Amino acid sequence: MHDLLFEAYGPQHWWPAKTRFEVILGAYLTQNTSWKAVERSLANLRAAGAMTVDGLRSLTLRKLQLLIQPSGFHTRKAHALKKFVALLDDEFAGSLKKLASAPTAALRARLLALPGVGPETADAILLYALGHPVPIADEYLRRIAERHRLLIPAPGHSRKGYESLTTLTRQAFAADAPKSHARLFNEFHALTVAVGKAHCRRIAQCADCPLADDPHTAGDQSR
DNA sequence: CGCCAGGCCGTGT
DNA sequence: ACACGGCATGGC
């Protein structure tokens, strides 16, 4: 899938951010939110000098909420971001570098324990901000996998479902590409979003899906 | 106007 | 364990 999508779409240049902390901010802000809206919040944060850990720490909660308002859920997300900085300060001396040097499994568990951090956000931070080789499962990948009969269709999206999709992705890469997983996971997730947007929103758009000459449109699936 | 977006969480069954 | 609604805003 990675190779087919890469051939069709080319490099996606993810994550669109300059610093690790900017990736983390984006990972929180883009939860169920279009990236376009996130860009406006990020611009606000940049203008306020809050694109760094120190900058964000010095903001009041209210001020932070105001700055990230354009990307929605600002009350929850502002709280969550403050809690992330608190974790960084309390357990890693305020250092993203120290945070990044923690073992992957323990770090993932610690991130998941934070409010506002679920599986996808945790993995996005691990992969795109901290450089850990973890795959990212998301709604797009689930749709694509089901559409192409790689995953048994399941009605709800349970946490367990995402964890199993994560495991399957990791195993698939482990079998076919033993090396450079971080780079492949990085590109694959970006490509997944690209093809998901282009072809998996509506069944009619699957005609020229790069993943298959014969798209599996027979089995319905409304999305 | 209605639907959706690069999810997560609390609550009820 | 799973389903379901709330969270907020802007694009299209």
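Note that this is a predicted model, so its numbers are computed, not measured. The chains referred to below are lettered A, B, ... by the order of the sequence lines, with proteins before strands, and numbering in each begins at 1. Just so it is clear, the values below take in all heavy atoms, side chains as well, and ignore hydrogens, waters and symmetry mates.
The nearest whole Å value for the distance from the NE2 atom in A:His74 to the P atom in B:dC8 is 19 Å. For the pair A:Arg40 CZ and C:dG11 C1', the interatomic distance rounds to 9 Å; values are reported in whole Å. Separating the CD1 atom of A:Ile125 from the P atom of B:dG6 is a distance of 17 Å, rounded to the nearest angstrom. At whole-Å resolution of the value, OH in A:Tyr162 and P in C:dA3 are 12 Å apart. Separating the CD atom of A:Glu139 from the C1' atom of B:dC8 is a distance of 14 Å, rounded to the nearest angstrom. Rounding to whole angstrom units, OH of residue A:Tyr140 and P of B:dA5 are separated by 5 Å. One interatomic measurement links the two molecules: CG of A:Leu165 to P of B:dG6, which rounds to 17 Å at whole-angstrom precision. Taking atom CD on A:Gln65 and atom P on C:dT9, their separation rounds to 11 Å, with Å as the unit.
Residue order along DNA chain C, read from the 5' end via each residue's closest nucleotide, puts A:Gly72 first among A:Gly72 and A:Lys36. Looking at which nucleotide of DNA chain B each of A:Val193 and A:Pro115 is closest to, the 5′-most match is held by A:Val193.
Remark: A:Lys197 is in phosphate contact with B:dG6, judged by side-chain N or O atoms under 4.0 Å from OP1 or OP2. A sub-4.0 Å separation between OP1 or OP2 of C:dA8 and a side-chain N or O of A:Ser71 is absent. A close approach under 4.0 Å does occur between a side-chain nitrogen or oxygen of A:Thr75 and OP1 or OP2 of C:dA8.
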Go through it in stages, so that I can follow the logic: the residues are A:Glu163 and A:Lys160, the test is salt bridge (charged side-chain N to carboxylate O under 4.0 Å, His left out), and I'd like the CA-CA distance, side-chain angles, deciding distance and then a yes or no. CA-CA 5 Å; A:Glu163 295 298 342; A:Lys160 188 179 174 187; over 6 Å; no
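The aromatic rings of A:Phe188 and A:His2 are tilted relative to each other, their planes meeting at an angle between 30° and 60°. In this pair, A:Phe173 and A:Phe185 present their aromatic rings perpendicular. The plane angle is above 60°, beyond the 30 to 60° band.
A:Leu81 and A:Leu66 fall into different hydrophobic clusters, where Ile, Leu, Val, Met, Phe, Trp and Tyr residues are linked whenever their side-chain heavy atoms come under 4.5 Å apart, directly or through other members. Hydrophobic clustering (ILVMFWY, side-chain heavy atoms < 4.5 Å, transitive): A:Tyr162 and A:Val117 are in distinct clusters.
Backbone-only contact: A:Leu114 has heavy atoms under 4.0 Å from sugar-phosphate atoms and none from a base. Contact annotation for A:Val38: no contact, since no heavy-atom pair falls under 4.0 Å across all strands.
Judged by distance alone, the side chains of A:Ser41 and A:Lys77 never bring a donor and an acceptor atom under 3.5 Å apart.
The aromatic ring of A:Trp14 is stacked on the base of B:dG6, with the two ring centres less than 5.5 Å apart and the planes inclined by under 30°. Stacking annotation: A:Trp35 is stacked on the base of B:dG6 (ring centroids less than 5.5 angstrom apart, interplanar angle below 30 degrees).
Between B:dC8 and C:dG11, the two C1' atoms lie 22 Å apart (nearest whole Å). Distance check on atom P: B:dG6 versus C:dG6 gives 23 Å, rounded to whole Å.
The side chain of A:Arg76 lies closest to B:dC9, out of B:dA5, B:dC9, C:dG10. Between C:dC7, B:dA5, B:dG6, one nucleotide has an atom nearer to the side chain of A:Glu120 than all others, and that is B:dG6.
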